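Remember, predicted model here, so these are calculated numbers, not experimental data.
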Amino acid sequence: MRQTAIPHASTHPHTPKEVNNNDRLLTVDEAAERLGTGVRFIRRLVQERRIRYVKLGKHVRIADSVLIAYVEERTVPALRDVRSHFGKAA
């Protein structure tokens, strides 16, 4: 079997876990506005590969669903929600 030049590269095309054709691709500016942050923060997330993105030539696009997942993963539950399953004190 022939090995690829990059050891971790696969000969099979990459198949993403979830494909949504209706998912809107946002520019870095739009993603920053959507999260209420600066463009620099979004670019740092991309550079550090802490968020999934699409590279179209030299342009970077971020799927709307990726931003939603990013926010959901980092949402901290309220203390009341966490304590509710412990029961009541005597």
Side-chain angles (χ1 to χ4, degrees):
M1 177 178 233
R2 183 176 165 204
Q3 290 188 348
T4 58
I6 303 172
H8 63 276
S10 173
T11 56
H12 302 289
H14 177 68
T15 55
K17 293 179 183 176
E18 295 180 22
V19 176
N20 185 354
N21 293 334
N22 297 328
D23 204 5
R24 183 163 183 259
L25 293 177
L26 305 172
T27 64
V28 173
D29 292 333
E30 291 170 335
E33 184 178 332
R34 175 97 188 223
L35 290 182
T37 65
V39 174
R40 187 175 177 179
F41 175 72
I42 302 296
R43 292 200 185 277
R44 190 173 71 229
L45 290 177
V46 168
Q47 180 186 13
E48 295 173 358
R49 295 186 181 212
R50 292 170 44 200
I51 194 167
R52 291 177 49 206
Y53 62 94
V54 178
K55 188 85 169 175
L56 301 170
K58 66 178 184 174
H59 303 285
V60 172
R61 298 290 184 260
I62 301 168
D64 195 30
S65 62
V66 170
L67 289 180
I68 293 168
Y70 181 81
V71 170
E72 286 177 0
E73 289 172 2
R74 284 153 183 80
T75 299
V76 179
L79 191 55
R80 171 177 255 172
D81 296 339
V82 175
R83 287 187 176 175
S84 66
H85 66 276
F86 288 124
K88 296 188 177 194

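Under the 4.5 Å side-chain contact rule for hydrophobic residues, Val54 and Val46 do not share a cluster. A continuous path of ILVMFWY side-chain contacts below 4.5 Å connects Val66 to Phe41, so both sit in one hydrophobic cluster.
One N or O on the side chain of Asp23 and one on the backbone of Ser65 form a donor-acceptor pair closer than 3.5 Å. Using modelled atom types, one side-chain atom of Glu30 and one backbone atom of Thr27 make a donor-acceptor pair closer than 3.5 Å.
For the residue pair Val71 and Leu35, the shortest heavy atom distance occurs at CG2-CD2, 3.5 Å. Residue Lys55 comes nearest to Lys58 through the heavy atom pair NZ-O, 4.0 Å, listed as atom of the first residue, atom of the second, then distance. The minimum heavy-atom distance between Leu26 and Ala31, with the atom names listed, is CB-N, 4.2 Å.
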Can you list the steps and then say if Glu72 with Leu67 is a side-chain contact (heavy atoms from CB on, under 4.5 Å)?
CA-CA 9 Å; Glu72 286 177 0; Leu67 289 180; over 6 Å; no
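Environment of CD in Gln47: sparse, with no more than 12 heavy atoms of neighbouring residues, nucleotides or ligands closer than 6.0 Å. In this structure, Arg49 places its CZ atom where only 12 or fewer heavy-atom neighbours from other residues, nucleotides or ligands lie under 6.0 Å away. No more than 12 heavy atoms of other residues, nucleotides or ligands shown are found within 6.0 angstrom of CZ on Arg43. By the 6.0 Å contact criterion, CZ on Arg40 is open, its count of non-hydrogen atoms from other residues, nucleotides or ligands being 12 or less.
For the side chain to side chain contact (heavy atoms under 4.5 Å, CB included) test with Tyr70, the passing option among Ile51, Thr75, Ile62 is Ile51; the others fail.
Taking CG from Asp64 and CG from Leu25, the interatomic distance works out to 9.5 Å, rounded to the nearest 0.5 Å.
Side-chain contact check for Val28 versus Tyr53: every heavy-atom pair is 4.5 Å or farther apart.
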